[in-house]
Amino acid sequence: MEGGGEGENSEMKKIIPFWGNSFSIPNIRGDVSIQKNRNMNPYRIQPYLLLIFVALIGLSSCQDRVVQTYEANTPIYQSLEEWRQTQFQMEGPRALEHPGKIYIYNNYLIVNELYRGVHFFDNTNPSSPTALGFLPVLANADIAIKDNVMYLDTYLDLLAFDITDIQNPTFLGRAMDVFEFVSVGYLEGYNPNYPMAMVDPSQGIVVGWEISKVTEEVQNNWGGCFGCDLAMEGFVNTTSSSAGANFIGGQGVAGSTARFAIYENALYTLQSWELDVFDISDRVPVYQRSESTRWNSETLFPAQGHLFIGTTNGMLIYNLDNPLAPVFRSSYDHIVACDPVVVSGDRAYVTLASLRDCGQGDNLLEVIDISNLNFPRLITQYDMTGPRGLGLDGNTLFICDGDDGLKVYDRSDDFDIDNNQLAHFPAINTYDVIPYQNVLLMTSGEGIYQYDYSNVNQITQLSLIPVQN
């Protein structure tokens with residue numbers, strides 16, 4: 001059986017404001033602190049470029065600068081040192097507000113509450129999932145699990161928890177300074193109806209927001225602040241998690257927009273232009289290396305001894321003969337778009353979406369022949385409405401077609417998929433799916449749906465964990 005891979009289409013991923021890469025963060029080191037080489041990111045602003053940029057602004061006419069006062073989400077800071085002293089402790093169940101990535105491990109459903117932490121559900125009976133508790137972890141967006149160890153991102157760090165007793169996760173340790181600085185919405189006090197004020201990473205990490213007046217001197221043609229127009233919209237569309245269709249080597253199952261993936265004793269994580277590799281053989285992650293992906297990377301899917309990376313420009317294939325040292329093998333180029341990818345045998349299925357920040361290309365399902373991994377090639381494609389995540393189970397293909405709902409196809413004939421639709425659940429704003437053991441989990445704007453597809457000609461809804469705003 002094949003499940004989804006991971007990551008996010010652009011709507012589904014962390015928004016890193018322009019200024020988030022233009023300041024340096026003090027390197028707070030400890031026994032497991034890792035300093036990474038960031039020079040490979042072509043969009044990272046180097047200090048000397050920043051000085052030139054500031055100097056050029058200083059040469060411009062005073063008439064080009066204006067002072068603006070406006071109401072905005074202004075950051076509440078906490079020092080990185082203080083944050084790293086946080087004692088993580090399970091709390092009672094919470095309602096879903098902004099569900100992000102989902103993950104199946106054994107009989108448990110684990111759901112990211114976008115940038116606030118992780119929900120745990122007993123999903124032994126998919127018709128009636130039982131909430132077990134909530135683990136607060138600020139800035140968390142991605143999940144991966146192997147052998148009862150759960151890996152979560154948070155600000156600059158990668159955390160490891162022992163979940164042998166899933167109602168009492170135990171913190172094991174962290175790899176420090178392995179992610180870029182990110183300021184996130186959906187923390188306490190954030191109001192999407194207001195713009196985001198500028199964030200100064202030198203003051204620490206952002207742990208909350210408050211609405212207040214902001215006065216800034218800015219270039220006349222820039223508006224109030226870098227990135228304010230983003231207003232963080234689209235964050236709730238981040239869904240799924242680490243890749244892997246089966247419980248291979250004790251790991252779990254996730255959706256197709258995953259940005260974390262596990263293969264043997266290696267954990268892979270994606271940043272926009274970078275694939276990072278961690279050794280997890282001793283449970284606590286140890287940073288090994290980074291590979292430049294050249295393109296803006298979004299999703300991960302390990303299969304057949306290879307790692308398939310979905311990017312806005314195409315699909316990349318890496319050989320995993322040495323899991324801790326992936327080797328680039330080939331690429332398949334496509335129009336600029338968001339593109340989750342799943343793989344089965346000699347076929348890869350990619351959805352392309354012209355969503356916000358995804359480019360303005362067509363909305364498509366592409367079928368790619370990967371029988372020769374050195375030369376992947378497009379064999380056919382189908383028009384879609386606004387596709388996002390997708391998943392496979394045998395010859396059954398599940399596609400989240402955005403506002404056009406969930407679509408289910410028989411893919412046994414790749415050249416006639418559109419004429420072999422098995423089911424359509426319209427009027428649901430769908431994000432991603434995990435098909436596993438005849439139960440389909442689907443994330444949406446309304447919450448998390450579960451369907452019984454043991455009879456693909458009569459798919460029935462089992463339950464809905466609703467979003468409560």
K.L.:
Who are the salt bridge (charged side-chain N to carboxylate O under 4.0 Å, His left out) partners of E210, not counting sequence neighbours?
P.N.:
none
K.L.:
Who passes side chain to side chain donor-acceptor pair (under 3.5 Å) against R283, sequence neighbours left out?
P.N.:
D162
K.L.:
If only atom types and distance count, is the side chain of Y103 paired as donor or acceptor with the main-chain N or O of I145 below 3.5 Å?
P.N.:
yes
K.L.:
If you count the non-hydrogen atoms of other residues, nucleotides and ligands that lie under 6.0 Å from CD in E188, is the total more than 12?
P.N.:
no
K.L.:
Going by the rule ring-ring contact (aromatic ring centres under 6.0 Å, His included), which residues pair with Y318 if we only count those two or more places apart in sequence or in a different chain?
P.N.:
F328
K.L.:
Under the side chain to side chain donor-acceptor pair (under 3.5 Å) rule, collect the residues that match up with N73, sequence neighbours excluded.
P.N.:
none
K.L.:
Going by distance alone, is a donor N or O of one side chain under 3.5 Å from an acceptor N or O of the other, for D177 and Y287?
P.N.:
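Side chains of D177 and Y287: no pair found under 3.5 Å.
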K.L.:
With no hydrogens and no angle check, just 3.5 Å: does a side-chain donor-acceptor pair link N140 and R116?
P.N.:
no
K.L.:
Report the residues that fulfil ring-ring contact (aromatic ring centres under 6.0 Å, His included) with F161, sequence neighbours left out, ordered by chain and then residue number.
P.N.:
F88, F171
K.L.:
Is it true that, when you exclude Q304 itself, more than 12 heavy atoms of the residues, nucleotides or ligands shown sit nearer than 6.0 Å to its CD?
P.N.:
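Buried by this count: over 12 neighbours within 6.0 Å.
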K.L.:
Tell me every residue that passes side chain to side chain contact (heavy atoms under 4.5 Å, CB included) with P136, counting only those two or more places apart in sequence or in another chain.
P.N.:
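In terms of side chain to side chain contact (heavy atoms under 4.5 Å, CB included), with neighbours along the sequence ignored, P136 is linked to E91, R94, F134.
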K.L.:
For a quick check under 3.5 Å, do T443 and D432 share a side-chain donor-acceptor pair by atom type?
P.N.:
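T443 vs D432: no donor-acceptor pair found between side chains.
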K.L.:
So, using side chain to side chain contact (heavy atoms under 4.5 Å, CB included) as the criterion, who are the partners of A325 when residues are at least two apart?
P.N.:
R289, N322
K.L.:
Can you name the side chain to side chain donor-acceptor pair (under 3.5 Å) partners of Y349, sequence neighbours left out?
P.N.:
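Listed in chain order: R411, D414.
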K.L.:
Could you work out, with side chain to side chain donor-acceptor pair (under 3.5 Å) as the rule, every residue matching S330, not counting sequence neighbours?
P.N.:
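So S330 forms no side chain to side chain donor-acceptor pair (under 3.5 Å) with any residue.
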K.L.:
Holding to side chain to side chain contact (heavy atoms under 4.5 Å, CB included), I want the full list of residues that pass it with Q167, two or more places apart in sequence or in another chain.
P.N.:
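Partners of Q167 by the side chain to side chain contact (heavy atoms under 4.5 Å, CB included) criterion, ordered by chain and then number, come out as L132, D165.
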K.L.:
When you look at Y105 and N148, which way does the side chain to side chain donor-acceptor pair (under 3.5 Å) test go after all the steps?
P.N.:
CA-CA 9 Å; Y105 187 71; N148 289 329; 3.2 Å; yes
K.L.:
What pairs with V467 under side chain to side chain contact (heavy atoms under 4.5 Å, CB included), at least two apart in sequence or on another chain?
P.N.:
P99, N469
K.L.:
Just wondering, do D122 and F120 contact through their side chains at under 4.5 Å, heavy atoms?
P.N.:
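F120 vs D122: side chains apart.
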K.L.:
Check salt bridge (charged side-chain N to carboxylate O under 4.0 Å, His left out) between D157 and all other residues, then give those that pass, not counting sequence neighbours.
P.N.:
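If we apply the salt bridge (charged side-chain N to carboxylate O under 4.0 Å, His left out) test to D157, skipping adjacent residues, the hits are R84, R174.
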K.L.:
Taking atom types as modelled, is there a side-chain donor on Q271 or D276 under 3.5 Å from an acceptor on the other?
P.N.:
yes
K.L.:
Would you check if there is a donor-acceptor pair between the side chains of S444 and T430 at a distance under 3.5 Å?
P.N.:
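Their side chains do not contain a donor-acceptor pair, so the 3.5 Å distance test is not met.
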